[in-house]
Structures are given as structure tokens and as C-alpha cells.
There are 2 protein chains.
Amino acid sequence: MAQENCLQDIELYKKRSLSLKDALELLSGKWKLVVLLHLYHHGTSRFKDLQEGCVSISPKVLSKELQNLEINQLITRTVNNTKPVTVSYAITEHALEIEPVIMALVEFGMKHRVKITAA
Amino acid sequence: MAQENCLQDIELYKKRSLSLKDALELLSGKWKLVVLLHLYHHGTSRFKDLQEGCVSISPKVLSKELQNLEINQLITRTVNNTKPVTVSYAITEHALEIEPVIMALVEFGMKHRVKITAA
DNA sequence: ATACTCACTTTCCTAAAGGTAATCCATAAC
DNA sequence: GTTATGGATTACCTTTAGGAAAGTGAGTAT
């Protein structure tokens, strides 16, 4: 019985470890989560909004990240019928699953700042 | 009143955005969170345990990540009086704050796998 | 005709991440 | 004396991330 629990625990660890690696690969880099945070806060946004909201991101990098997020079905891209043309980006339902990740990171970031500025 | 709420929201976003960037910088890369997951599951571990647990990490990279985590006060390093010498790594109290991040990533990783294998 | 806006794209470059393989050092066992 | 172990370090190399700066192209306003 104790052994069974132990085996189960090892399996659980392996499974979690793989899931973690999957998630890290998908969300790796400086900007993807920052872009998503902007979309959570401001809702559907245009390229320019994102460029201004994600301070110091370059258009090249933003463009690349948006393409990547779209490929992974985390955002949608819509070309609007305006003049001049605008493009809207919105998070998908599936991307709502990432909100807990972002909020956990935000929480940790705040606590860490408090901790190191106190020390 | 509506304007005040709006200003507050902008401030909130900026604060969150900075916290997120802090956290991302601290935890960036392929391995840090994988190492921490191992420590959450297995408790205090030796170098060799971590090398075997974090499948496919090289000793060079593991060593570098451990140093980085120690510098940022997320783990402690203890040299044991054994023969041959062993070294123990343990998470700090402060690193417990990262558990929600890891678990949120694990959750998302699982859901994402389900989602893309279903499609 | 010129200039401006939005949404990019292209080129060029540097720094950092991270992998491989070999080596090191102390100790201990064979 | 040779080999094995734990915990690294070193040298070398490739790949990738990502920044800077300039350009593109369609449409609009002046």
C-alpha cells in the first residue's frame, strides 16, 4: 500500500514535469505573457495599442509573438474594415486558462520585490 | 467617479505588468521551474538526484541554474559531511510563493495537451 | 505632390541560452 | 594502481532571442 502510493507519486511527478515543460515551451520568452496580460486588461486591442501597452517591445518582436500566439490558438487576429486598415487581436477561450498562470506570476513578482527591497 | 476607476485600472495594469516582468526575468529559461518542481515533490535533494530527476539536463546547466536560484534566495545549498561529499539543495520559504505559479503552469500544460490532441 | 498613419517586414547585429564532451578533485573501494 | 562516485568546471560550439533602424504599401488628409 505504501509502495503503491509511492509509485503513484512518482507517476504524478513525471506527468507534472512533462506538463510543466510543455507549458514553459509554449509560453517561453519575455513577451508572450505580457501581451496576454494586456489583452486581459484591455480586451480586444490593435497592433498599435499593444505596442504602446507592452512598453519597449519592438514591432518586429510584437509581430512575431502575435503570430506565434495565433498559431497556438491563444489569440485571434481580425482585419477590420477601417481606413487606414486596423487589425484586432483578442484572446481565445482557451487562453483564459492562462490567466491563473499570469496572476500567480504577478503575485510572486510583487512579493519578491517586497522581499528584496526589504532585505 | 468613472474616471477615477479608469485611472485606478490603468495604474493597476502598469503595476501588474512590471511585477510580471520581474517574475519572468527571475524564472526565465527552460530549467528553473523544473528544478523547483523536483524539490517540491522530492524535498531536499542532492545534485545527482536533480540531474536524474530533471531528465536531460546537463551538469553544466544544472550547476548554473542552482547557483542562480541560490543567489535569488529560492534555494539553499548545504555541503554534507559524507564520503564522498554530497551536497543538498532545499527550497527556501520564499520559494514556496512560486508553487502556485508552477501548479498553474502544470494545469495549463495538461489542458493544452488535451486540447491539441483532441483537435 | 507630400506627408502621415497603421501594420508590418527586412536586414543586421549582439548577447545569451544551452548542448556536448572532456576534465578535475577528493575519497574510497577493488 | 586502477577504477568508481559525487559534484562540479572548462572549453567549444550552435541556436535562438531579441534589439535597432530602416523600409514597405495601402489609404487618407492637406
Side-chain angles (χ1 to χ4, degrees), chain A residues 17 20-39 42-72 74-90 105, chain B residues 17-18 20-39 42-72 74-90:
Chain A
S17 187
L20 179 59
K21 285 180 183 177
D22 284 355
L24 287 176
E25 204 186 325
L26 210 71
L27 304 175
S28 64
K30 275 178 73 171
W31 293 110
K32 286 177 200 84
L33 293 177
V34 174
V35 168
L36 290 175
L37 179 67
H38 186 279
L39 291 172
H42 301 87
T44 302
S45 306
R46 292 178 306 137
F47 192 88
K48 193 122 200 271
D49 300 333
L50 288 165
Q51 212 180 145
E52 280 158 16
C54 303
V55 180
S56 92
I57 196 171
S58 72
K60 180 196 110 175
V61 172
L62 178 56
S63 173
K64 213 192 69 193
E65 297 292 9
L66 290 170
Q67 284 170 29
N68 181 279
L69 290 169
E70 199 194 354
I71 286 169
N72 288 305
L74 300 177
I75 61 170
T76 58
R77 178 178 186 277
T78 314
V79 178
N80 304 119
N81 229 347
T82 54
K83 301 155 190 180
V85 176
T86 55
V87 181
S88 297
Y89 296 92
L105 280 163
Chain B
S17 187
L18 290 176
L20 179 59
K21 286 181 183 177
D22 284 354
L24 287 175
E25 204 186 325
L26 209 70
L27 304 175
S28 64
K30 277 178 72 171
W31 294 110
K32 285 176 201 83
L33 293 178
V34 175
V35 167
L36 290 175
L37 179 67
H38 186 279
L39 290 173
H42 301 88
T44 303
S45 307
R46 292 177 307 136
F47 192 89
K48 194 117 199 274
D49 299 333
L50 288 165
Q51 212 182 143
E52 282 157 17
C54 303
V55 180
S56 91
I57 196 172
S58 72
K60 179 194 112 176
V61 173
L62 178 56
S63 173
K64 214 192 69 195
E65 297 293 8
L66 289 170
Q67 283 170 30
N68 181 280
L69 290 169
E70 199 194 352
I71 285 167
N72 289 304
L74 300 177
I75 60 170
T76 57
R77 179 179 186 274
T78 315
V79 179
N80 305 119
N81 229 346
T82 54
K83 302 156 187 180
V85 175
T86 56
V87 181
S88 298
Y89 296 92

Atom-to-atom span, CD of B:Gln67 to C1' of D:dA8 - whole angstrom
9 Å
Between B:Ile75 and B:Val35, is any pair of side-chain heavy atoms under 4.5 Å apart?
no
To the nearest angstrom, how far is A:Leu62 atom CG from D:dG19 atom P?
11 Å
Is the number of heavy atoms from other residues, nucleotides or ligands under 6.0 Å of A:Asn81 CG greater than 12?
no
When B:Thr82, B:Asn80, B:Thr78 are each screened for side chain to side chain donor-acceptor pair (under 3.5 Å) with B:Ser88, the one that passes is B:Asn80
Between CG of A:Leu66 and C1' of D:dG18 the distance, given in whole Å, is 15 Å
Any idea which heavy atoms bring B:Ala23 and A:Leu105 closest together, and the distance?
CB-O, 3.4 Å
Of the nucleotides D:dT28, C:dA7, D:dG18, which has the atom closest to the A:Lys60 side chain?
D:dG18
Judged by nearest nucleotide, the residue sitting upstream toward the 5' end of DNA chain D, B:Arg77 or A:Val85, is B:Arg77
Taking atom P of D:dG7 as reference, at what distance in whole Å does atom CG of B:Asn80 sit?
8 Å
Taking the side chain as everything from C-beta on, heavy atoms only, tell me whether A:Ser56 gets closer than 4.5 Å to A:Trp31.
yes
Could you check A:Leu27 against A:Leu74 for side-chain contact (heavy atoms from CB on, under 4.5 Å), going step by step and ending with a plain yes or no?
CA-CA 10 Å; A:Leu27 304 175; A:Leu74 300 177; 4.3 Å; yes
Measure from the side chain of B:Thr86, starting at C-beta and using heavy atoms only, and say which of D:dT9, D:dG7, C:dA7 lies closest.
D:dG7
Does any part of the side chain of A:Pro59, heavy atoms only, come nearer than 4.5 Å to the side chain of A:Leu62, both counted from C-beta?
no
Below 4.0 angstrom from OP1 or OP2 of C:dC8, is there any side-chain N or O of A:Ser63?
no
In numerical order, the residues of residues 22-32 of chain B whose heavy atoms come under 4.0 Å of DNA chain D are none
According to a strict under-4.0 Å criterion, is A:Tyr89 in side-chain N/O contact with OP1 or OP2 of C:dC6?
no
State whether A:Glu25 and A:Lys21 are salt-bridged, where the test is any N-O pair (Lys NZ or Arg NE/NH1/NH2 against Asp/Glu carboxylate O) under 4.0 Å.
no
Options C:dG19, C:dT5, D:dG18, nucleotide nearest the side-chain atoms of A:Pro84
C:dT5
Hey, are A:Glu65 and A:Lys32 close enough for a salt bridge, meaning a charged N less than 4.0 Å from a carboxylate O?
yes
Could you list by number each residue of residues 46-59 of chain B showing a heavy-atom separation from DNA chain D of less than 4.0 Å, or answer none if no residue does?
B:Arg46, B:Phe47, B:Lys48, B:Pro59
